[in-house]
Amino acid sequence: MKCITKINCFILSLFFLLTGFNQGIAFGQDQNMIKGSWVFNEGNTDHMVIFADGYYTYSVYNKSEKNYMASSGGTFQVKDKKIITRVEFNDQEPASIGTSNTYPFSIDGKSMNLEINNNPVVLTNIDNGASPLAGTWRITGRMQDGKKTAMTPGARKTLKILSGTRFQWFAINPETKEFFGTGGGTYTFKDGKYTENIEFFPRDSSRVGMSLSFDDKIENGEWHHTGKSSKGDPIYELWSKIK
């Protein structure tokens, strides 16, 4: 990605700050300070960050124009008012995978204050991660004809991170630095009905604005996700929370 305009330079600065997220998961009161979803708006462009279960995603997109720009993510820890990060995926800069950074931050009400290249950036809190589905989930199996087919754990993985109102899925292989796809937006979950409202989908922008409803439940620690995909194909997926 090249720095073309001042706004583009600022977007790139924020992007490369937040692409330093990954290993060293430390749960506790400090981490609870930032869990949930946060946004910085640059005109109609959203910079969306989700923190859940020691994992994060960061995406840049313009939903009104169906324009997706970038996404990255990984795991994080919070210590001494610093976010310590390490990258697991970055669809624009795969060479950054495996790198880590440390950034001071402060919380003031619903604002997170960061400083990027001597420029102050304020992220606004959207939700605090309160939802029965909030967390980071990995697809671990499928049901077909009433039988469960488990997936063999490996370097390639498909994860879905949810705050109280936001979701993002991503398919990656940190070992080979491959990125296979992502998508995200808002969701609701009530009375066993899970509905996703798509705000970005890089592979097919025509799906932006779609709402997909599923019959979902949590059973024995597994998230049973049943319905039809954005292509209209029937699915019955099993997801397990990242430990």
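The model shown is predicted, which means the values in this text are computed figures rather than measured ones.
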Note: Ser96 and Thr99 closest approach over all heavy atoms is O-OG1, 2.5 Å
Taking Ile126 as the starting point, is it possible to reach Ile198 by hopping between hydrophobic residues whose side chains are less than 4.5 Å apart? no
ring-ring contact (aromatic ring centres under 6.0 Å, His included) contacts touching residues 142-161 (sequence neighbours left out): none
Minimum heavy-atom separation for Gly135 and Lys241, please, with both atom names. CA-CE, 4.1 Å
Knowing that exactly one of Phe167, Phe51, Phe170 qualifies, which makes a side chain to side chain contact (heavy atoms under 4.5 Å, CB included) with Ile161? Phe170
Could you pull out all residues at least two apart from Lys193 that satisfy side chain to side chain donor-acceptor pair (under 3.5 Å)? Asp215
Quick check: is Val39 connected to Leu162 through a chain of hydrophobic side chains (ILVMFWY, heavy atoms under 4.5 Å apart)? no
For the side chain of Asn67 and the backbone of Asn62, is there at least one donor-acceptor N/O pair under 3.5 Å apart? no
Residue pairs meeting ring-ring contact (aromatic ring centres under 6.0 Å, His included), one or both in residues 126-155, sequence neighbours left out, come to Trp137-Trp223
Tyr58 side chain vs Gly73 backbone, donor-acceptor pair below 3.5 Å: no
Applying the 4.5 Å side-chain criterion to the ILVMFWY set and letting contacts propagate, would Val49 and Phe40 be lumped into a single cluster? yes
I'd like to check the side-chain contact (heavy atoms from CB on, under 4.5 Å) partners of Asp108; sequence neighbours left out, ordered by chain and number. Asn113
Just verifying a value: how many Å separate Thr186 OG1 and Asn197 CG, rounded to the nearest 0.5 Å? 3.5 Å
Separation between CD1 of Ile139 and CD of Glu237, rounded to the nearest 0.5 Å: 4.0 Å
What residues, two or more places apart in sequence or in another chain, satisfy side-chain contact (heavy atoms from CB on, under 4.5 Å) together with Ile107? Met33, Ile34, Trp38, Phe105, Met112
Among residues at least two apart in sequence or on other chains, which ones pass ring pair (Phe, Tyr, Trp, His ring centres under 6.0 Å) with Phe214? His225
Closest approach of Lys177 to Pro94 (non-hydrogen atoms, all atoms of both residues): CD-O, 3.4 Å
Whether Thr182 side chain and Trp169 backbone form a donor-acceptor pair below 3.5 Å: yes
Looking at residues at least two apart in the chain, or sitting in another chain, which of them share a side chain to side chain donor-acceptor pair (under 3.5 Å) with Lys35? none
Show me the side-chain donor-acceptor pairs of residues 141-158 shorter than 3.5 Å, one per line, residues at least two apart or across chains.
| residue | atom | partner | partner atom | Å |
| --- | --- | --- | --- | --- |
| Lys148 | NZ | Glu222 | OE2 | 2.9 |
| Lys157 | NZ | Glu88 | OE1 | 3.2 |
| Lys157 | NZ | Glu88 | OE2 | 3.4 |

Hey, what do you get for CD (Glu65) to CG (Asn44), rounding to the nearest 0.5 Å? 6.5 Å
Point-to-point distance, once rounded to the nearest 0.5 Å, from CG of Asp91 to OG of Ser72: 8.0 Å
By ring pair (Phe, Tyr, Trp, His ring centres under 6.0 Å), which residues pair with Tyr61, not counting sequence neighbours? Phe200
Nearest heavy-atom neighbours spanning Lys66 and Ser205: CD-O, 3.3 Å
Please answer whether the main-chain N or O of Met48 pairs with a side-chain N or O of Asp46 as donor and acceptor at a distance below 3.5 Å. no
Contacts of Ser131 meeting side-chain contact (heavy atoms from CB on, under 4.5 Å) (sequence neighbours excluded), chain-then-number -> Leu133, Ala134, Tyr187
Does Lys160 form a salt bridge (charged side-chain N to carboxylate O under 4.0 Å, His left out) with Glu196? I'd like the steps, not just the answer. CA-CA 12 Å; Lys160 182 175 284 191; Glu196 292 183 345; 2.8 Å; yes
Are the side chain of Asp127 and the backbone of Thr165 linked by a donor-acceptor contact shorter than 3.5 Å? yes
Interatomic spacing from OH in Tyr56 to OG1 in Thr136 - rounded to 0.5 Å: 12.0 Å
Looking at Glu175, I want to see if its CD is surrounded by more than 12 non-hydrogen atoms of other residues, nucleotides or ligands under 6.0 Å. no
Please list, chain by chain and in numerical order, all residues satisfying side chain to side chain donor-acceptor pair (under 3.5 Å) with Ser59, sequence neighbours excluded. Ser71, Gln168
Among residues at least two apart in sequence or on other chains, which ones pass side chain to side chain donor-acceptor pair (under 3.5 Å) with Lys63? Glu199
Side chain Gln92, main chain Met69, donor-acceptor under 3.5 Å: yes
The reported gap from OG in Ser100 to CD in Gln77 (rounded to nearest 0.5 angstrom) is 9.5 Å
